[in-house]
Amino acid sequence: MVRVLYELSPVPAVRVAPDTFLLTRKLREGLNRYAELWPGPVTAVLPPADAPPRNLDPIEVRREELNFELKVLPYDSPELRSLVRRAGLVHWGPHHQLHDLGDVLSEAGVPSVYVTEYSLRTRQGIITAARPGLLRRSWRRWWEWREERKIRHNIARVSGFEANGTPTFDAYRRLNPHHHLFFDTRTTADMIVGPEDLEARLARAADPGRPLHLVFSGRLAEMKGALDLVDVAAALKRRGVPFRMSICGGGPLEEAMRARAGREGLELAFRGVMPFATALAPFIRREADVFVCCHPQGDPSCTYLETFACGVPIAGYRNEALEGLLKRVDAGWGTPVNDPKALAGLLARLHQDRSSLPAKSRAARAFAAERTFERTFAARVDFFVACAARKP
């Protein structure tokens, strides 16, 4: 008998009419793919919210247009616990209102897959990057330590565990022998940079008289190290290194970044939020020589694989996410976290000696081509199917 896959995502839904909702585009595309690949019906259970998450590209959808069933329920509701008892498989993860779900599913004999993105080290790094006051920082660290115990308890008892990125995979894989590693990406096969386009760009970059084009894309926020981008550019200017820097994205630090760039006399190109498939990815494929990544923590951002898909290597802080990737593919360079001068020094050396750029660019493309959106979701659903046959 084919049974229902229940997807519990912490990304909320905003009801704008009785049967019309705002969902993030990325969530909608992922749920569509689950519904296409899972051998049975799919039900997404999302928490309600008054507004969609910022900077996550919300789209309006009508319930009748969806190829999956959508239920909007508070995560502490008894109705949700009643629903999952009848599931063929539940896909869920860390949420402070769902920690009891491991007991509920175990008692009902319902298999499940638990997915993680942030290790305790990453979560603590995000707290530090936000720079809260001492009392708030201490409270939040204590909260995350308490959450960690519950997360590890649930991973150890579910039918399968999957990790988005290497930080949580390395941290938790020993807790459950049935595990799966994937890398988050929105890049479809047709968006991988073509070999001819890549070689043409590498030929241009090989010209020592041409300034390297440094690019960043993402939220301009503390957890992405956005202000450090300006410090890297200022350090390059002081060294007399010619370069161009494009900053793609928006966020709460944009005004401060512009002000700091003005004080340093820097001509940085702030390009704003660009639609991923139609504008951002083509721009990076065509223009970027090196992606500069000042993430101070190990968030397994889709930025990494999506940059590699453009055939662009990453020079960035060696947080646990980038470090884990560079152990698996030689497609970039890492420097100490929170040290923009060290990163600028690396870029200055790369400007003088560009011999490593072609090999790392090709390695980045090859790695991402094996892990496209299509391949990633196919492998994940295969793992779900295997776990559905396994009791918790």
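The shown structure was predicted, so the numbers you read here are calculated from the model rather than taken from an experiment.
What you find for Ala129 and Glu222 is that their closest heavy atoms are O-CB, 3.1 Å. Here the closest non-hydrogen pair linking Asn319 and His295 is ND2-O, 3.0 Å. Heavy atoms only, all atoms of each residue included: Ala344 and Leu236 are closest at O-CD2, 3.4 Å. Residues Gly332 and Leu326 come closest through the heavy atom pair N-CD2, 3.6 Å. Tyr6 and Ala87 get closest at one heavy-atom pair: CD1-CB, 3.3 Å. The two residues Val337 and Pro296 have their closest heavy-atom pair at CG1-O, 3.5 Å.
Contact check for Phe243 versus His351: no side-chain heavy atoms found under the 4.5 Å cut-off. Side-chain atoms of Phe21 and Val16, non-hydrogen and from C-beta on, never get closer than 4.5 Å to each other. At a threshold of 4.5 Å between non-hydrogen side-chain atoms, the residues Cys294 and Val232 count as touching. Residues Asn67 and Asn32 form a side-chain contact, since some pair of their non-hydrogen atoms from C-beta on lies under 4.5 Å apart. Within the 4.5 Å cutoff, side-chain heavy atoms of Phe276 are placed close to those of Thr187. Two residues are said to be in side-chain contact when any heavy atoms from C-beta on lie closer than 4.5 Å; Glu117 and Thr168 fail this criterion. Side-chain contact between Thr372 and Thr188 is absent, with no heavy-atom pair separated by less than 4.5 Å. Within the 4.5 Å cutoff, the side chain of Phe384 has heavy atoms near those of the Tyr34 side chain.
Ion pairing of Glu148 with Arg123 is present here, as a side-chain N (NZ or NE/NH1/NH2) and a carboxylate O approach within less than 4.0 Å. Classification of Asp170 and Lys327 as a salt-bridged pair fails, no side-chain N sitting under 4.0 Å from a carboxylate O. Salt bridge present: Arg362 and Glu199 bring a charged side-chain N and a carboxylate O closer than 4.0 Å.
Linking ILVMFWY side-chain heavy atoms closer than 4.5 Å, directly or via other members, places Ile151 and Val115 in two distinct hydrophobic clusters. By the rule that hydrophobic residues join a cluster once side-chain heavy atoms approach within less than 4.5 Å of another member, Leu268 and Met257 end up as members of one cluster. Leu325 and Val215 fall within the same hydrophobic cluster, where Ile, Leu, Val, Met, Phe, Trp and Tyr residues are linked whenever their side-chain heavy atoms come under 4.5 Å apart, directly or through other members. There is a path of hydrophobic side-chain contacts, each under 4.5 Å, that joins Ile247 to Leu253. Linking ILVMFWY residues whenever their side-chain heavy atoms come closer than 4.5 Å, directly or via other members, leaves Ile192 and Phe283 in distinct clusters.
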Tell me, with the steps shown, if Ser246 and Glu287 meet side chain to side chain donor-acceptor pair (under 3.5 Å). CA-CA 10 Å; Ser246 292; Glu287 297 288 342; over 6 Å; no

Assess the residue pair His179 and Tyr172 against the criterion (side-chain contact (heavy atoms from CB on, under 4.5 Å)); give the C-alpha distance rounded to whole Å, side-chain angles, the decisive distance to 0.1 Å, and a yes or no. CA-CA 9 Å; His179 48 243; Tyr172 302 138; over 6 Å; no

Would Arg173 and Thr166 count as a side chain to side chain donor-acceptor pair (under 3.5 Å) if you check the C-alpha gap in whole Å, the side-chain angles of each, and the deciding distance to 0.1 Å? CA-CA 10 Å; Arg173 62 179 172 177; Thr166 62; over 6 Å; no

Just do the side-chain contact (heavy atoms from CB on, under 4.5 Å) check on Arg141 and Thr128 with the steps written out, would you? CA-CA 9 Å; Arg141 285 182 176 276; Thr128 300; 2.7 Å; yes

Test side-chain contact (heavy atoms from CB on, under 4.5 Å) on Lys26 and Asp184; report intermediate values, then the result. CA-CA 11 Å; Lys26 184 178 178 182; Asp184 193 19; 2.4 Å; yes

Going through the distances and angles, do Leu212 and Val241 end up as a side-chain contact (heavy atoms from CB on, under 4.5 Å)? CA-CA 9 Å; Leu212 288 176; Val241 178; over 6 Å; no

Please walk me through it: do Glu144 and Arg140 pass salt bridge (Lys or Arg N to Asp or Glu O under 4.0 Å)? CA-CA 6 Å; Glu144 292 297 349; Arg140 289 181 62 187; 6.0 Å; no

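Distance check, rounded to the nearest 0.5 Å: CG of Leu23 to CG of Leu70 gives 6.0 Å. Here the CG atom belonging to Leu83 is positioned 8.0 Å from the OG1 atom belonging to Thr43, to the nearest 0.5 angstrom. Distance check: Glu320 CD to Asp299 CG gives 10.0 Å after rounding to the nearest 0.5 Å. Separation of atoms CD (Glu147) and CZ (Arg152) is listed at 14.0 Å; rounding is to 0.5 Å. From Arg62, atom CZ reaches atom CG of Asp19 across 7.0 Å, with rounding to the nearest 0.5 Å. Note that CZ of Arg286 and SG of Cys310 are 10.5 Å apart. Values are rounded to the nearest 0.5 Å.
Between the side chain of Arg318 and the backbone N or O of Glu323, no donor-acceptor pair lies under 3.5 Å. In this structure, the side chain of Ser159 engages the main chain of Arg390 through a donor-acceptor pair within 3.5 Å. Judged by distance alone, with hydrogens and angles left aside, the side-chain atoms of Glu69 form no donor-acceptor pair with the main-chain N or O of Pro41 at under 3.5 Å. In this structure, Arg81 contributes its side chain and Tyr75 its backbone to a donor-acceptor pair below 3.5 Å. The backbone N or O of Arg186 lies less than 3.5 Å from a partner atom in the side chain of Glu306, making a donor-acceptor pair. Remark: the backbone N or O of Arg285 is paired with a side-chain donor or acceptor of Arg201 at under 3.5 angstrom. In terms of modelled atom types and a separation under 3.5 Å, the side chain of Arg15 and the main chain of Pro18 share a donor-acceptor contact. Using a distance-only test at 3.5 Å, with no hydrogens or angles considered, no donor-acceptor pair links the side chain of Arg219 to the main chain of Gly251. Judged by distance alone, with hydrogens and angles left aside, the side-chain atoms of Glu374 form a donor-acceptor pair with the main-chain N or O of Ala189 at under 3.5 Å. A distance-only check finds a donor-acceptor pair linking the side chain of Ser361 to the backbone of Leu357 [under 3.5 Å].
The only option from Asp100, Val158, Val90 that meets the side-chain contact (heavy atoms from CB on, under 4.5 Å) definition with Leu105 turns out to be Val90. Test Arg354, Arg210, Arg204 against Asp289 for side chain to side chain donor-acceptor pair (under 3.5 Å) and you get one pass: Arg210.
Summarising the local packing, NZ of Lys150 is surrounded by more than 12 heavy atoms from other residues, nucleotides or ligands at distances under 6.0 Å. Within 6.0 Å of CG on Asp50 lie no more than 12 heavy atoms contributed by other residues, nucleotides or ligands. Counted within 6.0 Å of CZ on Arg149, heavy atoms from surrounding residues, nucleotides or ligands total 12 or fewer; the atom is thus considered open. Annotation for Glu255: atom CD does not count as buried by contact number, only 12 or fewer foreign heavy atoms lying within 6.0 Å.
Cation-pi contact between Arg380 and Phe377: present, with separation from the ring centre below 6.0 Å and deviation from the ring axis of at most 45°. For the pair Arg33 and Phe373, the cation-pi test (distance below 6.0 Å, angle within 45°) is failed.
Taking the six-membered ring where the residue is Trp, His180 and Phe383 present parallel rings, their angle staying beneath 30° rather than reaching 60°.
For the residue pair Tyr114/Asn176, the side-chain donor-acceptor check at 3.5 Å is not satisfied.
Between Phe367 and Phe183, a ring centre-to-centre spacing shorter than 6.0 Å is recorded.
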